Structures are given as C-alpha cells and as structure tokens.
Amino acid sequence: EAQVTQNPRYLITVTGKKLTVTCSQNMNHEYMSWYRQDPGLGLRQIYYSMNVEVTDKGDVPEGYKVSRKEKRNFPLILESPSPNQTSLYFCASSLRGYQPQHFGDGTRLSIL
Amino acid sequence: DAKTTQPPSMDCAEGRAANLPCNHSTISGNEYVYWYRQIHSQGPQYIIHGLKNNETNEMASLIITEDRKSSTLILPHATLRDTAVYYCIVKETSGTYKYIFGTGTRLKVLA
C-alpha cells in the first residue's frame with residue numbers, strides 16, 4: 001500500500017532535549033516536505049526537498065533541521081526543542097514538486 | 001505563486017451540492033489550481049486539480065472561470081463525512097516548490 005509513515009505519532013518531551021521525527025515514503029517520490037499546523041494558522045511549510053541531498057526552507061524553518069540522504073526518508077530534527085514548537089506535524093511526498101501530495105497521519109509533539 | 005482567498009466557513013445540507021469558492025485573481029498562465037481537504041486532524045487529502053478546463057473525478061468537480069481568476073469545488077451530494085476543512089492552492093509546474101495552504105474553508109454538512 002502506498003503510504004507516508006511518520007514516527008512517533010505522539011511525543012511529550014522537555015525543552016532542550018534533541019528529538020527526531022522520522023518520515024518514510026514507499027512510492028519512490030522525489031519531493032518531500034514537512035508542515036506544522038497550529039490552531040488558527042493552517043498548515044505552514046517548514047522545509048521541503050526536491051530530491052536526495054536537495055533541501056530548501058519553507059515559511060517557518062527556524063529551529064528545525066532536515067536531511068535527505070535517501071530518497072525514501074526525510075527526517076525532521078529539533079536540535080533544542082522549545083515550547084513554541086509544540087504543534088501537529090505532517091510529512092508529505094509527491095512524485096514531483098508540483099504534483100499532488102500524499103500526507104502522513106501526523107505527529108503530535110508537546111514540548112514542556 | 002498566486003495567493004488564494006476562501007471564505008472561512010460554510011454550511012451545506014446533507015445530500016445537497018456543496019459549492020466551495022476560491023479566489024485567485026493573480027494566478028498566472030502556468031499555475032494549476034489544487035484542492036485538498038483535511039478531516040479533523042488527519043493528514044490532508046488531495047481532491048482534484050486543474051489548469052483551465054473543468055475537471056471531474058470520483059470525489060468532486062472543479063469549475064475554473066474563463067479568466068481563471070476564481071474556481072469552485074463542487075461536492076455533488078454532500079454527506080456528513082465531507083465535513084472538513086478545504087484548502088485551495090495554486091501551484092506552478094516550475095520554480096520554487098514552497099507551498100502555502102492558508103486556513104481554508106471549514107465546511108460543515110448538516111443532517
């Protein structure tokens with residue numbers, strides 16, 4: 001089954017403790033992206049990747065890092081999480097950057 | 001990419017057609033119009049997209065005006081399961097692949 005898989009689905013952690021949210025897709029898609037969703041603000045793009053080793057900033061990249069060493073994986077790294085990064089995060093992928101995106105089920109992060 | 005404007009909320013009676021408008025008055029010639037929806041806090045789901053011709057698939061129809069400055073997503077027979085937030089986005093096929101989803105239209109289908 002074609003899917004985008006995010007892990008973990010839920011995480012409660014403390015300020016400053018580095019964490020990684022993994023994202024994997026099994027559709028051989030070139031484009032992958034991370035979004036965060038906060039009440040009243042809709043979906044905002046954090047980072048995206050056009051292909052392996054090619055990444056770029058979205059609208060809200062501050063405090064996040066990404067890497068794309070393999071086509072199927074696009075982890076989101078919070079080196080020093082802060083409470084303002086408490087949010088619902090979605091990973092998405094598409095065959096090309098302008099084509100319809102497939103979204104994961106989301107990761108709810110709470111940073112205390 | 002062109003900016004889109006959508007009403008924040010709409011209601012629709014179950015079984016009736018839901019018509020969701022989107023304004024994209026600054027759209028350029030090579031920008032597609034995409035629609036997604038998000039049910040509760042699930043991952044957004046792709047619905048349909050088009051360039052200038054009207055499009056239909058098993059989920060919905062997309063009507064784009066001749067000047068391409070606006071479009072309407074039509075759910076022909078809305079059900080309670082269509083209650084969701086609907087996002088209209090414009091995207092060109094080249095250049096930057098940043099996405100701006102905005103806050104969408106919250107559609108409530110009423111029994």
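Predicted, not measured: the structure shown is a model, and the values here were computed from it.
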Original post:
What distance separates A:Asp59 CG from A:Ile46 CD1, expressed to the nearest 0.5 Å?
Top reply: 10.5 Å
Which atoms of [X] are under 4.5 Å from chain B, going by heavy atoms: the side chain, the backbone, both sets, or neither?
X	result
A:Tyr35	side chain
A:Leu88	side chain
A:Gln37	side chain
A:Arg44	neither

Original post:
Hey, which of A:Gln99, A:Lys57, A:Gln6 has the most heavy atom pairs under 4.5 Å with chain B?
Top reply: A:Gln99
**OP:** Without swapping roles, check the side chain of A:Thr107 against the backbone of A:Pro8 for a donor-acceptor pair under 3.5 Å.
**Re:** yes
Subject >> Residue, of B:Pro8, B:Gly102, B:Gly104, that accumulates the most heavy atom pairs under 4.5 Å with chain A >> reply: B:Gly102
Original post:
With a 3.5 Å cut-off and no angle check, do the side chains of B:Tyr86 and B:Arg37 form a donor-acceptor pair?
Top reply: yes
Original post:
Sequence neighbours excluded, which residues qualify as side-chain hydrogen bond (donor to acceptor under 3.5 Å, both in side chains) partners of B:Thr65?
Top reply: B:Asp67
Subject >> Linked hydrophobic residues, A:Met27 as query - side chain contacts closer than 4.5 Å >> reply: A:Val4
